[in-house]
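Encoded as structure tokens, the structure appears first; notes follow it.
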Amino acid sequence: MYEIFDRIEKIYYMILVIIGVPVNLLAIVILSRGKCGLSSCTTRYLVAMTTADLLVIITEVILLQFKDDYFPWTFLDITPVCSVIIVLSRVATDCSVWFTVTFTFDRFVAICCQKLKTKYCTERTAAVVLATTGILLCFKNIPFYFTYEPGWITDNVPWGCYNKLSYFTEPGWVGFDWLDTVLTPFLPFVLIMLLNSLTVRHILVASRVRKALRGQSKGENHSDPEMESRRKSVILLFTISGSFILLWLVFVINFLHYIIRGAIRTFSVYVFQQVGFMLQLLSSCTNTFIYGVTQSRFREQFKNVVKYPVTSIILFIKKQNN
């Protein structure tokens with residue numbers, strides 16, 4: 001049973017790479033061009049989130065999950081190298097999660113805090129917030145480099161990355177591991193749900209007030225450009241944050257199960273753990289599809305980018321024939 005599930009995992013990871021890498025790259029190119037009808041501030045956050053998702057696929061799936069099957073006994077297995085890759089994978093995962101939080105907070109300010117909006121929701125502020133968040137997450141994950149030791153040493157070269165026993169026994173490392181789990185994903189879970197609930201509450205109140213002022217409460221039907229723009233922004237926000245919560249939910253439930261009942265070694269528990277990890281990685285491929293579903297201009301730009309190589313080849317062939 002374990003072997004069958006292992007094969008399923010390998011196929012799943014291969015599909016993630018085949019789809020996730022080109023899709024995220026296309027999304028980065030399209031969003032960076034700034035022709036999707038989004039504000040420069042929102043574009044900054046979406047580009048950062050997509051870049052972090054791409055790095056998750058590269059570090060976690062390609063360099064870690066595929067290492068033993070496709071790159072056996074290479075420099076990637078040298079202890080300092082694989083330790084750095086693990087740290088980079090953790091940084092990429094944390095950035096993917098916390099960039100979602102910063103985006104959620106930015107949209108909360110844009111919708112609910114009109115006085116603060118003009119100062120906070122700017123391209124420069126977005127750049128500062130994203131850079132600061134990324135730097136802090138890098139420093140936060142550096143200690144993980146020192147939690148690994150080699151499995152064996154050949155010709156004075158350390159090979160393999162195995163957790164030191166002290167990581168599971170010493171109070172300092174145990175506390176650090178708990179802090180890591182709280183920061184990703186428990187605290188983001190709470191913040192995203194709190195910010196979204198406050199945003200929904202504000203929208204419902206504002207919607208009733210605007211309808212009353214515009215006479216819609218008496219049955220009149222007027223178009224409201226501001227509410228329509230806000231509706232599109234909210235759809236994008238809730239779809240992204242909702243996708244994050246759903247895809248990380250199994251991971252959170254599994255961790256809570258571990259806290260309550262302790263470590264249980266059964267096949268069903270193993271499958272549940274791995275499914276949680278697989279869904280967590282899937283969250284690194286969903287944002288681009290969300291952009292395509294919720295943003296009509298993004299779909300247009302996506303089609304243009306996909307068609308461009310084909311049309312260029314056709315034009316080149318026609319020129320050569322003429």
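Note that the coordinates shown come from a computational prediction; the quantities given were computed from them, not determined experimentally.
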Listed by chain and number, what are the side chain to side chain contact (heavy atoms under 4.5 Å, CB included) partners of Phe186, not counting sequence neighbours?
-> Thr181, Val252, Phe255, Leu256
Pairs flagged by salt bridge (charged side-chain N to carboxylate O under 4.0 Å, His left out) wherever residues 114-126 is involved - sequence neighbours left out = Arg44-Glu123
The complete set of disulfide bond (SG atoms under 2.5 Å apart) pairs with one or both residues in residues 25-84, sequence neighbours excluded, reads Cys82-Cys161
Within residues 77-89 or reaching into it, pairs that qualify as side-chain hydrogen bond (donor to acceptor under 3.5 Å, both in side chains) - sequence neighbours excluded = Glu60-Ser89
Going by side-chain heavy atoms closer than 4.5 Å, which hydrophobic residues are tied to Ile8, directly or by a chain of links?
-> Ile4
For Val275, what residues pass the side chain to side chain contact (heavy atoms under 4.5 Å, CB included) criterion, not counting sequence neighbours?
-> Phe5, Val271, Leu279
Walk me through it: do Gln65 and Phe277 pass the test side-chain contact (heavy atoms from CB on, under 4.5 Å)?
-> CA-CA 12 Å; Gln65 299 301 322; Phe277 182 65; 3.6 Å; yes
Contacts of Leu26 that satisfy side chain to side chain contact (heavy atoms under 4.5 Å, CB included) - sequence neighbours left out | Phe302, Val305, Val306
By ring-ring contact (aromatic ring centres under 6.0 Å, His included), Phe267 pairs with (sequence neighbours left out) Tyr2
side-chain hydrogen bond (donor to acceptor under 3.5 Å, both in side chains): which pairs involve residues 128-156, sequence neighbours left out?
-> Asp94-Lys140, Asp94-Asn141, Lys140-Asp180
Solution key, residues 162-171 side-chain donor-acceptor pairs under 3.5 Å, sequence neighbours excluded:
unit_1: Lys164; atom_1: NZ; unit_2: Phe146; atom_2: O; d: 3.1
unit_1: Tyr167; atom_1: OH; unit_2: Asp177; atom_2: OD1; d: 2.7
unit_1: Thr169; atom_1: OG1; unit_2: Leu165; atom_2: O; d: 3.2

Give me the other members of the hydrophobic cluster that Phe289 sits in, counting Ile, Leu, Val, Met, Phe, Trp and Tyr linked by side-chain heavy atoms under 4.5 Å, directly or via other members.
-> Ile11, Ile15, Ile19, Val23
For Gln295, which residues count as a side chain to side chain contact (heavy atoms under 4.5 Å, CB included) partner, sequence neighbours excluded?
-> Leu38, Leu236, Phe298
